[in-house]
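In what follows, a structure is listed as structure tokens, so that the remarks can point back to it.
A, B, ... follow the sequence lines: proteins, then strands. Residue 1 opens every chain.
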Amino acid sequence: MTQAFSELSLAEPLARAIAEMGFSAMTPIQAQAIPVVLQGRDVMGAAQTGTGKTAAFSLPLLQRMLKHENASTSPARHPVRALVLLPTRELADQVAQQIALYAKHTQLRSTVVFGGMDMKPQTAELKKGVEILVATPGRLLDHIEAKNCVLNQVEYVVLDEADRMLDIGFLPDLQRILSYLPKTRTTLLFSATFSPEIKRLAGSYLQDPVTIEVARSNATASTIEQRFFRVDEDDKRQALKQLLREKGVKQAFVFLNSKLGCARMARALERDGLNAVALHGDKSQDERLKALDAFKKGEVDLLICTDVAARGLDIKDVPAVFNLDIPFNAEDYVHRIGRTGRAGASGIAISFVTGRDVKQLAEIEKLIGKKAEVESLLLESDQRRFGGAPARQNDGQRLWSDPQARAEVRSERPTRVRAPRASSDPFFDQPYQPALASDAKPEWEGKAQPARGLSPFIKSKRKVAALFRPAAAPAPASAAESSTEAAS
DNA sequence: AAAAAAC
């Protein structure tokens with residue numbers, strides 16, 4: 001049933017490049033999408049992470065460009081015929097490199113433009129003429145407006161990570177770029193995640209599209225083992241180090257939700273003697289590329305990153321992904337863990353869950369269609385306090401399943417001074433007692449803004465609003481509690 | 001509670 005690239009009768013230069021890269025069998029998304037793109041149809045393609053989507057669109061696109069030569073093949077005039085757009089600079093770089101490899105034996109030329117780098121070398125490349133242009137949106141608009149490239153002869157547009165490209169942060173730039181392109185063209189959208197809303201929106205950019213879904217949209221790759229551990233915010237670094245040791249993991253992506261958090265975590269881990277480097281949008285592009293390169297080469301063990309690295313990055317044989325924070329979007333969870341378990345390899349994805357992540361975890365469960373079983377984790381520091389011998393049970397994976405032992409150890413732990421929580425922690429805490437009855441009217445209703453002159457502890461208007469908002473029903477808390485108890 | 005993408 002699996003088909004070989006050789007059955008496609010691709011042009012010789014492409015077939016040769018594929019063979020040199022050691023590819024023979026097509027993945028399901030490739031087997032399904034390539035013939036359709038070869039027909040010149042618009043495509044919306046969904047397939048799990050790490051299953052070769054880049055080849056699925058670039059190979060047929062190159063083939064068509066070779067077969068349907070533009071009239072103007074004189075070296076003097078090379079209009080951009082294919083445009084590939086991506087949401088991060090590193091991903092643009094990676095995809096451009098891959099396309100260059102596929103096109104190696106053809107006359108087709110390609111280049112990549114993205115921000116954070118000098119405009120001049122990019123401009124020079126564009127002026128020489130390229131048929132295939134890979135880009136991030138902002139820098140491409142710069143080049144368009146500087147008239148460094150002309151896009152009025154573009155025949156093919158690819159939005160890779162299409163759901164991200166169509167989200168609200170990118171949409172204005174994207175629409176402006178599309179306004180420079182001919183109306184008659186082939187448009188290809190690819191991603192591992194498509195929400196129903198994005199699917200609908202995407203439809204308006206496509207003409208009579210063929211939808212290709214290998215497995216259900218938003219599905220996680222079956223090659224990834226997913227684990228969830230209940231870990232306090234302050235214990236995350238210790239828990240990470242412990243799990244790296246227990247699982248025998250050397251190299252891993254470590255995701256956090258904020259740039260500052262990444263910088264701090266990377267520094268702290270380095271102080272602890274680990275080989276970690278941060279990757280996030282506050283670093284210079286030079287640092288970003290260097291960090292990624294070092295990680296790729298295996299010179300760095302831990303890549304401490306924001307969602308800048310969540311999508312698309314294809315690094316061979318990274319065995320593990322850690323989510324030190326649960327991502328804001330459930331989709332990003334799917335992409336993050338997709339950095340491991342690629343091309344049929346196996347991988348483990350470990351996510352740390354705190355009390356405030358419960359709602360987001362439910363979103364993730366809904367999206368991936370799988371129950372997230374949250375396990376307890378006995379920290380080594382707690383084991384020592386508990387009396388020398390490790391209280392570890394079974395294979396060390398389900399470390400601590402006795403609730404009573406858990407309570408005892410907790411009482412042994414140093415008391416930390418913490419700000420009171422705004423909402424309940426269904427894992428450990430007392431149920432939340434709302435300060436106001438749910439039907440209470442804000443006492444300032446109809447009066448002037450209360451923001452000034454309140455308690456000095458209330459700093460933002462937002463927090464004030466939260467105080468006066470009717471309390472949420474406490475029902476989900478007890479449900480979450482009973483299910484995690486059952487799990488542990 | 002954020003990040004990404006242009007200077």
Side-chain angles (χ1 to χ4, degrees), chain A residues 83-95 112-120 122-123 126 134-146 148-149 159-178 180 191 193 233 236 253-265 278-285 288-289 292 303-313 323-333 335-336 339 352-361 363-364 419 421-423 425 459-463 465-466 469 472:
Chain A
L83 180 62
V84 182
L85 295 172
L86 300 117
T88 69
R89 297 164 180 178
E90 285 76 12
L91 195 49
D93 200 24
Q94 173 186 297
V95 168
V112 60
V113 299
F114 52 81
M117 308 279 276
D118 197 350
M119 287 280 281
K120 281 186 214 116
Q122 297 179 357
T123 304
L126 291 172
V134 181
T136 51
R139 179 54 67 92
L140 177 61
L141 281 168
D142 265 4
H143 281 296
I144 294 173
E145 275 148 26
N148 295 336
C149 59
L159 305 187
D160 202 359
E161 307 297 339
D163 59 324
R164 166 64 79 245
M165 300 305 289
L166 291 168
D167 93 5
I168 197 74
F170 277 107
L171 202 54
D173 277 359
L174 186 69
Q175 282 171 329
R176 270 176 66 206
I177 291 169
L178 294 180
Y180 290 100
S191 185
T193 52
E233 193 63 46
K236 284 180 174 178
F253 281 91
V254 177
F255 285 97
L256 285 91
N257 283 354
S258 78
K259 294 182 277 196
L260 188 61
C262 285
R264 285 180 177 155
M265 182 59 68
L279 173 61
H280 55 73
D282 274 352
K283 297 198 130 198
S284 73
Q285 194 53 38
R288 281 168 60 165
L289 292 171
L292 193 61
L303 192 70
I304 317 298
C305 49
T306 58
D307 281 328
V308 71
R311 285 172 175 258
L313 295 183
N323 290 312
L324 262 50
D325 299 326
I326 298 294
F328 297 111
N329 307 112
E331 281 85 4
D332 287 334
Y333 172 82
H335 290 278
R336 282 182 181 187
R339 294 319 98 220
F352 290 173
V353 182
T354 68
R356 53 195 274 186
D357 298 325
V358 175
K359 226 174 109 190
Q360 196 44 40
L361 195 62
E363 292 298 315
I364 290 170
R421 287 197 184 86
S423 62
D425 179 340
K459 290 200 181 115
S460 72
K461 280 190 189 173
R462 214 179 174 156
K463 281 181 188 159
R469 202 176 298 137

Taking the side chain as C-beta and beyond, is there a heavy-atom pair between A:T306 and A:S258 under 4.5 Å? no

Run A:K236 and A:L256 through side chain to side chain contact (heavy atoms under 4.5 Å, CB included) and show every step you take. CA-CA 11 Å; A:K236 284 180 174 178; A:L256 285 91; over 6 Å; no

Which part of the nucleic acid, if any, lies within contact of A:R288, taking any heavy atom under 4.0 Å across all strands shown: a base, the sugar-phosphate backbone alone, or nothing? sugar-phosphate

Round to the nearest Å and state the distance from A:D332 atom CG to B:dA1 atom P. 19 Å

Options B:dA4, B:dA6, B:dA1, nucleotide nearest the side-chain atoms of A:R89: B:dA6

Not counting sequence neighbours, which residues clear side chain to side chain donor-acceptor pair (under 3.5 Å) with A:D167? List them please. A:R164

Atom CG of A:L256 and atom P of B:dA3 are separated, to the nearest Å, by 11 Å

Taking any heavy-atom pair under 4.0 Å as a contact, classify A:D167: base, sugar-phosphate, or nothing. nothing

Give A:D173 one of three labels, base, sugar-phosphate or nothing, depending on what nucleic acid heavy atoms sit under 4.0 Å from its own. nothing

Interatomic distance where CZ belongs to A:R164 and P belongs to B:dA3 [whole Å]: 13 Å

Nearest-nucleotide pick for A:T136, side chain only, options being B:dA6, B:dA4, B:dA2: B:dA6

Is there a side-chain polar atom (N or O) of A:T88 under 4.0 Å from OP1 or OP2 of B:dA5? no

Quickly work out the A:M119 CE to B:dA5 C1' distance and round it to whole Å. 14 Å

When rounded to whole Å, the NZ to P distance for the pair A:K259 and B:dA5 reads 9 Å

Is any side-chain nitrogen or oxygen of A:R176 closer than 4.0 Å to OP1 or OP2 of B:dA6? no

Could you go through the salt bridge (Lys or Arg N to Asp or Glu O under 4.0 Å) check for A:D160 and A:R311 one step at a time? CA-CA 10 Å; A:D160 202 359; A:R311 285 172 175 258; over 6 Å; no

Which part of the nucleic acid, if any, lies within contact of A:G281, taking any heavy atom under 4.0 Å across all strands shown: a base, the sugar-phosphate backbone alone, or nothing? sugar-phosphate

Whole angstroms only, please: what is the CG-P distance between A:D282 and B:dA5? 11 Å

It should be established whether A:T306 places a side-chain nitrogen or oxygen under 4.0 Å from OP1 or OP2 of nucleotide B:dA4. yes

For A:F170 and B:dA6, give me the distance from atom CZ to atom C1', rounded to whole Å. 12 Å

Could you tell me the separation between the NE2 atom of A:H280 and the P atom of B:dA3, rounded to a whole number of Å? 10 Å

When you check the phosphate oxygens OP1 and OP2 of B:dA1, does a side-chain N or O of A:R356 lie under 4.0 Å from one of them? no

Checking A:R89 now: which residues fulfil salt bridge (charged side-chain N to carboxylate O under 4.0 Å, His left out) with it, not counting sequence neighbours? none

